[in-house]
Amino acid sequence: MSTDRRKPYPFDRIEAKWQQFWDTHATFHAPNPGEPGFDASKPKYYVLDMFPYPSGAGLHVGHPEGYTATDILSRFKRMNGFNVLHPMGWDAFGLPAEQYAIKTGQHPAVTTARNIDMFRGQLKRIGFAYDWQREVNTTDPGYFRWTQWIFLQLYHSWFNPASNRAESITTYPGPDPDSVRLAYVAEVPVNWCPALGTVLANEEVIEGKSEVGGHPVERRPMRQWMLRITAYADRLISELEGLQWPESIKLLQRNWIGRSEGAEVAFAIEGTPHSVRVFTTRPDTLFGATYLVLAPEHALVSEITTPEQHAAVEAYQQGCRSKSDLERTELAKEKTGVPTGAFACNPVNGQRIPVWIADYVLTGYGTGAIMAVPAHDSRDFEFATKFGLPILQVVQPASPDEDWKGFTGEGTAVHSGFLDGLPTAAAKKEITRWLESRSLGKGTIQYKLRDWLFSRQRYWGEPFPIVWEEGAHRAIPDSELPLTPPEIEDFRPTGTPEPPLSKARDWVRYSDRATRETNTMPQWAGSCWYYLRYCDPQNSGRFVGREAERYWMGADAASPTPGGVDLYVGGTEHAVLHLLYARFWHKVLFDLGHVSSPEPFQRLVNQGIILGEDGQKMSKSRGNVVNPDDVIADYGADAFRCYEMFMGPLEQMKPWSTTGVEGVSRFLARVWRLAMDENQSGEWVRSAALAEVAPDKAQNKVIHATIKKVGEDIETLSFNTAIAQMMIYVNTFTSASPRPVSAVRTLLQLLNPFAPHLTEELWAQLGFEGLVADQPWPAYDPAALVEDELELVVQINGKVRDKLLVPREASSQQIEAAALASPKAREWTADKSIRKVIVVPGKLVNIVV
RNA sequence: GCCGGUGUGGCGAAAUGGCAGACGCAAAGGACUUAAAAUCCUUUGGGGAGCAAUCCCCGUGCGGGUUCGAGUCCCGCCACCGGUACCA
């Protein structure tokens, strides 16, 4: 398909040539402070792409969409006098490499290296201005050494609630530091995936199935490494505030963290020494609590169940245990539960209320027990209706005719003793105070967010820098980093929770008495801090040099933001996973004084998904996958780049169109022919139409309007309209003869960030000095945009009836008079009286009759 | 259910509350050519009147509203796409 087709311009010859040139001259290398060539007088700009997982399938057209956007911006910023950091690397630990290794027996390191070479080659063929000297690879020991080091920072720290930040564990005053470390071991119910042979984080489980592969996941208690992300729940929410992120992403994170203010209330269990603590966001409805529900797994169930109910309760618990999470959610339509036979005492009025167990109460949230207020909670209402439990209204809705049954909104307290008449908000405060004064409860805040399950039973991941001795864990010294995984023949999961690393007996044995931890870290670990490593990728003494970190990640004197990556572009799929984990690690490093900004990513933009030509999601099975290599072979990298940007707004989902690529390719060919003619023997030579003449007034207006619009559009990432404006520019000059050389020169500068190969080649062909990429961005002349005469629209009652040419300096009165005198206006207002005339200077006149 | 996003020509789309459809694709006609490709020029939201230059009516998912003026702002719906799901 790509072979014999005549090229509209010789992109095949020029693209490889310029890519080679940039490579050998390291054109886009950004020196660090202190390095030769570093210019301290320039401001910095850090543009970051989400680095890819180098899969065997190679790059697809979705990757380069965001990459092209950042590439244009970074080239633009560079031309505007910034020191630009624009790096690329590889998130190369992960399941697919390991599964491929299991299938073929090839070491994951081998396939990973091969895939990286393929990806790098593909990215270079698109002509991205990455600083390849800063390439990072999460599987490189020189890299993961520092991933392990950061893990140890977490291990050696605790979150001090008094200072609201992480501190060295040595400042912890309590007797058991292991109970407060940010990295800790716990026996917890985890998501165990038998098919993958590993546990998964909550974030990696979608509707009871593994995100990777869609295998069933079951819950079982296991000893695992956890990271105490919940300590940061509050800051992870509140510090979203100042970030320039899409509101929808901020909301997604807030919902994921799930902060709820409420109260804990203790209910004494009749005839036992026990009391059940419940969490509620509606303590104001306490008078309406007509029963309690414990999660089936709640520790007190066996203690309080009466002998008569024992069998029924056991059976119910057994039933829940055998159900997977998936079944539990599938069967969630109908509420189930059994009474324990026990009764509790409602502390506010002494009411005797039954205690039930039901699986609609979750063990992992709050206290694993609730007070049921069926009148004001839809789930409790459903349950109470089914089992004939009493329903007692204690909140009166504001609008009286609203059905109070199941009313979950706010209103006025009724049937609530001393709370009667109080609006919901006040009633919450009052009852909380009442409970606190009697030590029956207290105001609390709950989060949906759980601690981050951080260990995996995999081979292809970072080993933990931890050893065990007599049941106790301890860190290995920094001097033993990096801790590389052992060489083993068999990467297969053991099928049991025993990790594959345990097969490497020699490696596991640390000393006579100590053995190594055999779990590995999840894939997220490496991506939690790669943006920091880019700042100083070769540093062997520190995860990132202090000065480099301060320069690239620090607050810019010119900007009001507290620092961090200036622009981060990537897909929405990382809204709550990578972006939350990275913020967490960054805050820990910030608290410990290792980085200078509290947030890693100041401005975030999500590129939209590119659909197949049929408007469907691209997939192998649909056969609608577009391969960037094919597009580049047929139309060239510049056309590929420009088309991806011309398709529509960056953040929007949009379908691929081959004819659309052709259109953009034609545009680039027209640019080529502005400068070049084809002679008799089919060679491209300098166009005869080019001349050293000044653009005329109309041409000049297009030139300066385009400089203005393209610059503004790049800043707002509106690349589609920037390209449209450059098309207008080209259309203006295609027919011009003589054709001002200066106009072509300016166009090459404006187009360079979009089509770097084509513009660099023409720049050289026309004999201009140096590289276009090194030119300063052109400035526009506002005076050139001003017309001597303005065309105004004359409207009658808001409908356009005529147009009017008036001098630029015409006054409102003169414009009004001219409009009223226009033949059309006369016609339309003939037998009517004019009620009002609105003059919008420079725009229109509206005559209201 | 709940939360978020999006609805504009045949298609991708554009439009600080001020000429809806820029720019591109597709389509049709023409020029060049022995021919085709490529290239260049013209037309292209729908309907209507006129020999014509032109002119009129309708039109941004639907129904209301604010305004001299609404694709844009407000209220109420509908459809599609994403996310989420017993979080008390």
Side-chain angles (χ1 to χ4, degrees), chain A residues 5-8 206-207 246-252 254-256 258-260 262 278-283 285 293 295 328-329 332-333 335 358-362 364-373 376-380 382-383 408 446-450 572-573 575-576 608-609 611 615 617 642-643 646-649 651-664 666-667 669-670 673 678 718 720-728 730-731 734-735 791-803 824 827 835-840 842-849:
Chain A
R5 214 173 128 273
R6 210 184 102 78
K7 308 279 190 291
I206 315 286
E207 289 174 355
E247 269 317 306
S248 58
I249 301 293
K250 290 189 185 180
L251 201 69
L252 236 41
R254 277 191 211 105
N255 290 345
W256 187 265
R259 184 180 196 274
S260 299
V278 304
F279 173 73
T280 176
T281 54
R282 293 295 300 270
T285 62
V293 187
R328 235 163 114 157
T329 43
K333 282 157 193 109
K335 295 262 181 299
D359 66 0
Y360 83 92
V361 174
L362 307 174
Y365 182 77
T367 61
I370 61 154
M371 63 177 210
V373 185
H376 305 290
D377 182 283
S378 53
R379 296 149 303 183
D380 297 343
E382 196 188 321
F383 191 81
T408 57
Q446 283 293 337
Y447 299 92
K448 279 203 279 186
L449 184 70
R450 318 287 167 81
T572 345
E573 66 272 21
V576 285
I609 296 171
L611 304 171
K617 219 170 189 160
C642 290
Y643 174 65
F646 188 61
M647 289 172 84
E651 300 185 58
Q652 192 171 300
M653 181 188 293
K654 43 211 178 283
W656 186 266
S657 157
T658 300
T659 53
V661 187
E662 277 168 15
V664 171
R666 277 199 282 270
F667 158 66
R670 280 202 297 276
R673 292 196 308 267
E678 198 167 15
S718 308
N720 53 332
T721 50
I723 293 172
Q725 181 64 37
M726 287 189 280
M727 286 172 168
I728 293 171
V730 171
N731 293 344
T734 297
S735 50
E791 193 188 52
L792 298 190
V793 166
V794 179
Q795 292 183 340
I796 316 292
N797 287 341
K799 295 203 169 183
V800 180
R801 297 300 178 191
D802 205 357
K803 310 223 167 143
K824 280 288 184 178
E827 201 179 303
R835 280 196 266 169
K836 201 176 189 182
V837 179
I838 288 142
V839 179
V840 183
K843 285 267 157 77
L844 55 73
V845 183
N846 191 12
I847 301 165
V848 187
V849 292

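Below, chains carry the letters A, B, ... as their sequence lines are ordered, and counting in each starts from 1.
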- Item | Nucleotide nearest A/V793 (side chain, heavy atoms from C-beta), chosen from B/rA88, B/rC40, B/rC19 | B/rC19
- Task: Kindly say whether A/V849 contributes a backbone atom to a donor-acceptor pair with the side chain of A/N797 at under 3.5 angstrom?
- Result: yes
- Is the shortest side-chain N/O distance from A/N731 to OP1 or OP2 of B/rG24 below 4.0 Å? yes
- Task: For A/F383, check ring-ring contact (aromatic ring centres under 6.0 Å, His included) against everything at least two apart and list the hits.
- Result: A/Y291, A/W356, A/Y360, A/F387
- What form does the base of B/rG59 take, syn (within 90° of 0) or anti? anti
- Considering only B/rG69, B/rA88, B/rC19, which nucleotide approaches the side chain of A/T281 most closely? B/rA88
- Looking for any heavy atom pair under 4.0 Å, which part of the strands does A/G663 touch: base, sugar-phosphate only, or nothing? sugar-phosphate
- Within the structure, does a side-chain N or O atom of A/R254 lie under 4.0 Å from either OP1 or OP2 of B/rG83? no
- State whether A/T572 places a side-chain N or O below 4.0 Å from either non-bridging phosphate oxygen (OP1 or OP2) of B/rG83. no
- Return the set of residues passing ring-ring contact (aromatic ring centres under 6.0 Å, His included) with A/F279 (not counting sequence neighbours), or none when no residue passes. none
- A/N846 has its side chain closest, among B/rA22, B/rG69, B/rA88, to B/rG69
- Message: With a 4.0 Å limit, can you tell me whether A/K799 has a side-chain N or O closer than that to the phosphate oxygens OP1/OP2 of B/rC58?
- Response: yes
- Message: Side chain of A/I728 only, heavy atoms from C-beta on: which candidate in B/rC19, B/rG83, B/rA22 is closest?
- Response: B/rA22
- Message: Using the C1' atom as the point on both nucleotides, what is the distance between B/rG45 and B/rA38, in whole Å?
- Response: 31 Å
- Pick the C1' atom in B/rA79 and in B/rC68, then give their distance to the nearest Å. 34 Å
- Message: Between B/rC86 and B/rG17, how many Å separate the two P atoms, rounded to a whole number?
- Response: 41 Å
- Counting heavy atoms from C-beta on, name the nucleotide in B/rC19, B/rA88, B/rC68 closest to the side chain of A/L362. B/rA88
- First locate atom NZ of A/K803, then atom CD of A/E791, and finally report the distance between them rounded to the nearest 0.5 Å. 5.5 Å
- Item | Atom C1', compared across B/rU6 and B/rG12: separation rounded to whole Å | 15 Å
- Message: Can you check the distance between B/rG61 and B/rU72, where both ends of the measurement are the P atom (answer in whole Å)?
- Response: 8 Å
- A/Y360 vs B/rA88: side-chain N/O to OP1/OP2 distance below 4.0 Å: no
- Please report, rounded to the nearest Å, how far the P atom of B/rC86 is from the CE atom of A/M371. 20 Å
- Item | Distance-minimising heavy-atom pair for A/H376 and A/T408 | O-CG2, 3.5 Å
- Query: Would you say the side-chain atoms of A/K654 pair up with the backbone N or O of A/P649, donor to acceptor, closer than 3.5 Å?
  - Reply: yes
- Query: Would you say the side-chain atoms of A/Y643 pair up with the backbone N or O of A/S657, donor to acceptor, closer than 3.5 Å?
  - Reply: yes
- Taking atom CG of A/D802 and atom CG of A/L844, what is their separation to the nearest 0.5 Å? 13.0 Å
- Quote, to the nearest angstrom, the C1' distance that separates B/rA31 from B/rC80. 46 Å
- For A/L362 against A/D359, the heavy-atom pair lying closest together: CD2-O, 4.3 Å
- Query: Atom CZ of A/R259 and atom P of B/rA88: how far apart are they, to the nearest Å?
  - Reply: 12 Å
- P gap between B/rU60 and B/rA70, integer Å: 11 Å
- Would you tell me if any nitrogen or oxygen in the side chain of A/R801 comes within less than 4.0 Å of OP1 or OP2 on B/rC56? yes
- Message: Each nucleotide in nucleotides 4-17 of chain B should get exactly one letter: B, S or -. Can you fill that in based on protein heavy atoms under 4.0 Å?
- Response: S-------BSS-B-
- Can a side chain N or O of A/R666 be found less than 4.0 Å away from OP1 or OP2 on B/rA38? no
- Rounded distance (Å) that lies between atom P of B/rG82 and atom CD1 of A/I609: 8 Å
- Of A/T367 and A/K836, the one whose closest nucleotide on RNA chain B sits nearer the 5' end is A/K836
- Item | Gap in Å between the two P atoms, one belonging to B/rC41 and one to B/rC23, rounded | 13 Å
